[in-house]
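Numbered from 1 within each chain, the chains take letters A, B, ... in sequence-line order.
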2 protein chains.
Amino acid sequence: MRDAVRRALEVCPIEVGVAVAGGDWKLTTVWKLSGGPLRFGELQRAVGPVSAKTLTRQLRSLETDGVVVRTVFPEVPPRVTYELTEAGRELAGIAVQLGRWSERFIAPVEASTVSEYGPAS
Amino acid sequence: MRDAVRRALEVCPIEVGVAVAGGDWKLTTVWKLSGGPLRFGELQRAVGPVSAKTLTRQLRSLETDGVVVRTVFPEVPPRVTYELTEAGRELAGIAVQLGRWSERFIAPVEASTVSEYGPAS
DNA sequence: CTGTATCCAACAGGATACTG
DNA sequence: CAGTATCCTGTTGGATACAG
């Protein structure tokens, strides 16, 4: 278990959730994976302007916390896929709600809603 | 509007939500306020081991983003209360869901659930 | 293709002392 | 009481170059 999570456990469940799901790109990553497994490169393009280094670290963190599963195929060129666990699928639902909340209260828009975008195909 | 929010607007609604609600103590603060207005000191004790400096900054950020309202009473000693806007009340619901999610998938427990704790009285 | 190593700037958050 | 000012450490995240 990661230190950040262990520390949050001493405080309250909400902080545990923040320790696991907080940080740039994490929830968007989970959301993009809710359409099914994606390779590293596909994921990077789908998530947005995230560096490989950061995406890798966030994915490792999510893997440690039991949100995603990483599968390495012993091929050349290498192929690695990421998919959600049950915890990840549940978290994706919360991510969508947060996206809708921000559309409603922070940046009201008519088009380009998270509801319409959907996860990466 | 804060820079972090403006930058997230270029990416996706979920990242906007993270920009507003992400960061230690913010969601717990919102949750504790869901029981009604609290003074600064009450809030600090309710949230947990957060420094005054950090809590102040998070509250200012939440105020700028339209999640909380800060009210100063011209008295001696000074009294300042914080309360949720409608956006804040909606966000508190998501915070509770995140807390329940972490209880279910990260740190399963029988007692001491976020559901039982409730906001500060 | 999927990363890692290194360097760097910016930010987060605690501790302490202090103010109106 | 409700902060602010200062100093400090650790973390975050991009850019670039490189590796298997």
Are T28(B) and V11(A) close enough, and set up right, to give a side-chain contact (heavy atoms from CB on, under 4.5 Å), and what steps lead you there? CA-CA 10 Å; T28(B) 299; V11(A) 183; 5.7 Å; no
The test is side-chain contact (heavy atoms from CB on, under 4.5 Å); show your working for F40(A) and L59(A) and say whether it passes. CA-CA 10 Å; F40(A) 182 84; L59(A) 284 168; 4.1 Å; yes
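Between the P atom of dG14(D) and the CZ atom of R57(A) lies a distance of 9 Å, rounded to the nearest Å. Distance CG (L59(A)) to C1' (dT2(C)): 11 Å, rounded to an integer number of Å. Between R45(B) atom CZ and dA2(D) atom P there is a gap of 8 Å when expressed in whole angstrom units. For the pair D3(B) CG and dT12(D) P, the interatomic distance rounds to 21 Å; values are reported in whole Å. Nucleotide dT12(D) holds its P atom 10 Å from the CG atom of D24(B), rounded to whole Å. Whole-Å rounding puts the R60(A) CZ to dG3(C) C1' distance at 8 Å.
Looking only at distances, a side-chain donor or acceptor of Q44(B) sits under 3.5 Å from a matching main-chain atom of V50(B).
Nearest-nucleotide positions on DNA chain D for P49(A) and Y82(B) put Y82(B) closer to the 5' end. A residue-by-residue look at F40(B) and W25(A) shows that F40(B) has its nearest nucleotide of DNA chain D further toward the 5' end.
A salt bridge links R104(A) with E86(B): the closest approach of a Lys/Arg side-chain nitrogen to an acidic carboxylate oxygen falls below 4.0 angstrom.
For K53(B), taking side-chain heavy atoms from C-beta onward, the closest of the listed nucleotides dC1(D), dT6(D), dG3(D) is dT6(D).
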